[in-house]
Amino acid sequence: MPRAVTVEDAGPMAEVLARAFGDDPMMCWLFPEGATRPAALGGYFTTLLTRQYLPHGVCERTENAAAFWVPPEAQDKAVPDAETIRELTGLLGEQAEPFRRSVEAAAANAPQEPYWYLAVLGADPVAQGRGQGSALLRAGLARADEAGLPVYLESSKEANLAVYGHFGFEVLEEIQLPGNGPMLWVMRRARRDPADG
């Protein structure tokens with residue numbers, strides 16, 4: 001059952017997400033060194049959670065999965081701000097500038113309508129296929145439906161497109177990130193009437 005993430009959860013949830021995103025094309029591009037990637041990803045997700053999504057978003061967890069959502073009233077926090085990027089620079093090293101350009105590209109493609117944004121969703125590989133990620137996704141989609149709003153996300157992992165498609169997401173566009181970055185698929189799910197289940 002999803003529950004709210006607390007500051008005390010930051011370390012353990014960052015470790016869960018580091019394992020969940022260990023083979024994600026975007027994360028492999030940002031952190032190309034396999035040996036140091038797990039620790040770097042832990043720092044990356046800790047920073048995003050504590051600086052950005054916990055103060056401004058809706059962060060939920062299960063035992064082995066986490067989801068960070070940005071509500072419509074905090075859309076300027078949907079992508080990392082300049083201060084967060086500065087904090088991440090030490091972790092990103094040479095990839096700090098490509099990361100900054102990617103953040104700008106994502107911001108330039110932000111929807112013009114009010115929406116909920118799924119910033120991060122990941123489950124530890126040991127728990128994948130056991131419904132924890134799906135439970136977090138359903139909880140967020142229910143909030144968006146209740147508010148009468150669509151949901152947006154980006155994925156750099158092509159295998160995830162079918163999973164999100166199962167929940168009603170459709171690909172809007174493909175964005176090739178600058179600096180030989182990976183492809184990002186921008187996806188949207190239209191609001192559904194909660195009475196329709």
Side-chain angles (χ1 to χ4, degrees), residues 1-27 38 41-42 44-75 77-80 111 114-172 184-197:
M1 188 72 181
R3 63 184 189 274
V5 173
T6 65
V7 173
E8 290 74 27
D9 293 327
M13 286 298 98
E15 290 177 12
V16 163
L17 290 170
R19 291 189 292 272
F21 283 85
D23 66 346
D24 182 85
M26 180 78 163
M27 296 301 110
L41 283 175
Y44 174 82
F45 284 115
T46 297
T47 299
L48 288 181
L49 176 60
T50 56
R51 281 209 44 81
Q52 193 122 8
Y53 298 122
L54 203 52
H56 305 290
V58 174
C59 302
E60 294 180 316
R61 64 166 291 187
T62 59
E63 183 180 355
N64 292 300
F68 305 163
W69 298 83
V70 179
E73 61 271 16
Q75 283 315 306
K77 298 298 181 181
V79 295
Y115 63 98
W116 275 83
Y117 175 67
L118 177 55
V120 177
L121 173 64
D124 192 312
V126 301
Q128 286 175 6
R130 298 186 183 172
Q132 294 188 39
S134 295
L136 291 167
L137 184 54
R138 283 190 184 94
L141 295 178
R143 263 192 306 276
D145 288 344
E146 196 62 43
L149 295 173
V151 178
Y152 283 81
L153 62 81
E154 296 110 13
S155 178
S156 66
K157 196 169 190 178
E158 192 167 8
N160 287 344
L161 303 184
V163 175
Y164 288 123
H166 174 76
F167 287 90
F169 285 88
E170 296 180 353
V171 174
L172 287 186
L184 270 189
W185 285 272
V186 178
M187 305 189 78
R188 179 185 188 271
R189 176 188 181 271
R191 182 259 185 188
R192 294 182 178 176
D193 190 325
D196 295 340

pair [X]-[Y]: side-chain heavy atoms closer than 4.5 Å:
X: Leu121; Y: Tyr164; value: yes
X: Phe21; Y: Leu17; value: yes
X: Pro25; Y: Lys157; value: yes
X: Thr62; Y: Met1; value: no
X: Met27; Y: Leu41; value: yes
X: Val163; Y: Phe169; value: no

To the nearest 0.5 angstrom, please state how far the CG atom of Leu141 sits from the CG atom of Leu118.
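Here the rounded value is 8.0 Å.
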I need the Ser156 OG to Asp24 CG distance, nearest 0.5 Å.
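Reported to 0.5 Å precision, the distance equals 3.5 Å.
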In sequence, state the C-alpha distance, the side-chain angles, and the governing distance for His56 and Val70, and then conclude on side chain to side chain contact (heavy atoms under 4.5 Å, CB included).
CA-CA 7 Å; His56 305 290; Val70 179; over 6 Å; no
Could you report the tightest heavy-atom contact between [X] and [Y], atom names first, then the distance?
X: Leu161; Y: Ser155; answer: CD2-CB, 4.4 Å
X: Thr46; Y: Ala10; answer: OG1-O, 4.1 Å
X: Phe167; Y: Arg189; answer: O-NE, 2.9 Å
X: Met13; Y: Ala66; answer: SD-CB, 3.8 Å
X: Pro80; Y: Leu48; answer: CG-CD2, 3.9 Å
X: Leu149; Y: Pro114; answer: CD2-O, 3.7 Å

Could you walk me through whether Gln132 and Glu63 pass the side chain to side chain contact (heavy atoms under 4.5 Å, CB included) check?
CA-CA 8 Å; Gln132 294 188 39; Glu63 183 180 355; 4.0 Å; yes
Under 3.5 Å donor-acceptor, [X] side chain and [Y] backbone:
X: Glu60; Y: Arg3; result: no
X: Glu154; Y: Trp185; result: no
X: Gln75; Y: Tyr115; result: yes
X: Asp145; Y: Arg192; result: yes

Measure centre to centre between the rings of Tyr117 and Tyr152, then say whether the value is under 6.0 Å.
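They do not qualify: ring centres at least 6.0 Å apart.
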Parallel, tilted or perpendicular: which one describes the rings of Trp69 and Trp116, with boundaries at 30° and 60°?
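Rings of Trp69 and Trp116: perpendicular, as their planes differ by over 60°.
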